[in-house]
Amino acid sequence: MSAGPLALVALIAAAIVAGAGEGGSSLRHLYLLPALWAALAHGAFGGALVGLLAGFLQAPSIFSMIERLGLSRPVVDGLVSLTIPLAMGLTVGRLVDQSRARGAQLRALLEIQRSLAGETTFGARLAQVASLTRRALGVDRVGLHLDAGDGAPLTASAPDGSGAPDSELSGSATPCRRLTLPLDAGQGPMGTLVIERSGDLGVSTRGAAQALALHVALAIENARLTESQRRSAQELEDRVTRATQRLREIDQAKSEFLSVVSHELRTPLTALQGFSELLLDRDVPPARARRYLRHVQTESQRLGRIVADLLDLSRIESGRGLSLRREPFDLRELVECNVEVFACQHALHRFDLSVAEPLPPLCADRDAVDRMVKNLLSNAVKYSPRGGRVLVQARPAADRPGLVELAVEDDGIGIPAEALPRIFEPYVRLAHPETATAPGLGLGLSLVRALAHAHGGLVEVESLPGKGSRFRVLLPA
Ligand code: ADP
């Protein structure tokens, strides 16, 4: 304890002795000052000590007054003033102690909140909270156990900070008092706070522990909310980044698509322009004129197919779906006709046709089925070498009762297994030297699939790189 209050006590005692030597001196009231000083500076212990000392110093004169005057009024006054410094020192000292403890708790809470808002792992932060709580309560051990919320259950303890479960807290040899408190921020218990101290825990420690448990629960709840907000913000940021990336890719794909479309349209248009100019401006012999006209017909058909594909694509992308005009028709005739035309146009390929007898009648959009056949045949030719064989089959699907199978098989470049799911997506063209030189928009297969689905059917593919591919359209009979 500091010497100030004691010196003041000595000074007052000396003044009283020098002044009157009487216990009834009004100077004795001044003993309140050092008692107050000590209580403010050192709490209940200091206040009580100085109060007691003041009482002792007054006692001899009070006793001699009792002997001389009996229990008279000045004696009663003297007795009261003897006890007042002690009572006041004790009371004020206690209040000072309590407010100091409260201040320490508030500082600890602030630190707890600060440490929970830190950047380390939640487990590390919890260990820090356990150690701060231990310090704030002045106990030997503190354990914090959090039930599984949106993550795994967490346990942290101090002083070891090893994360030992609370049941291991009282492993020491000295008998301990233990208090287990629920951590509840108002939405049901989220875990427990366990404190241990060898010897008694005391009412004030228990009260402080209860208050701290509530504040720790609130701070943990806050930290969890902040954590989940941080996670959501991160997820949102990731999503925005992915969406931006996707938009960039789509943007790039669209620009590439536009340049491919213009190129694809320009090729037949140039041919049409060239042949029609030749036929108009020159005197072409009839046989050659027929050949030119066949080119004109082929190129205008190609142009028609591109325009039809683009129209269908725009219908699919705008969500309008494909409109079908279903009618019964002869699939054999349609397939035979297409194979004949392709065989004529691609004389270097060998075409084989196999149509089952009898073939179940189809009730479908004839034009749509025609475009599916043409797309598959055109791919078989584009992606197989000259001299390659193209096999076309139409028959009831052996493995799918009720469906008619239309298969186009080639012995061309084939498709790697990992690319198979992608080839039915619009704009997809695989990286292959043959693909790079072959004309195409990457739309054919996506339309074949869309048309098959629109009929309630499906498309399948089997392929081996370097060996060839077999596409199968299955339509309800
Ligand atoms: P396009 O032929 O206009 O590029 P498709 O949608 O018809 O577009 O085909 C998509 C891609 O699938 C082609 O670019 C090609 O890489 C691959 N592909 C399609 N058919 C075959 C086939 N028969 N053999 C090998 N690859 C094929």
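Because the structure is predicted, anything quoted here is derived from the model rather than measured. Read the numbers this way: they start at 1 and go in the same order the structure lists the ligands and their atoms.
The aromatic rings of His349 and Phe351 are tilted relative to each other, their planes meeting at an angle between 30° and 60°.
At distances below 3.5 Å, not a single donor-acceptor pair connects side-chain atoms of Arg125 with backbone N or O atoms of Ile112.
By the side chain to side chain contact (heavy atoms under 4.5 Å, CB included) test, Ala289 pairs with Leu279, Val284, sequence neighbours left out. Remark: Gln98 pairs with Leu95 by the side chain to side chain contact (heavy atoms under 4.5 Å, CB included) rule, at least two apart or across chains.
Near ligand 1, Asn379, Lys382, Tyr383, Asp410, Ile413, Gly414, Ile415, Ile423, Val428, Arg429, Leu430, Thr435, Gly440, Leu441, Gly442, Leu443, Gly444, Leu445, Ser469, Phe471 each place a heavy atom less than 4.0 angstrom from the ligand.
Looking only at atom types and distance, the side chain of Arg470 has a donor-acceptor partner in the side chain of Gln393 under 3.5 Å away.
Note on residues 91-106: no pairs pass salt bridge (charged side-chain N to carboxylate O under 4.0 Å, His left out), not counting sequence neighbours.
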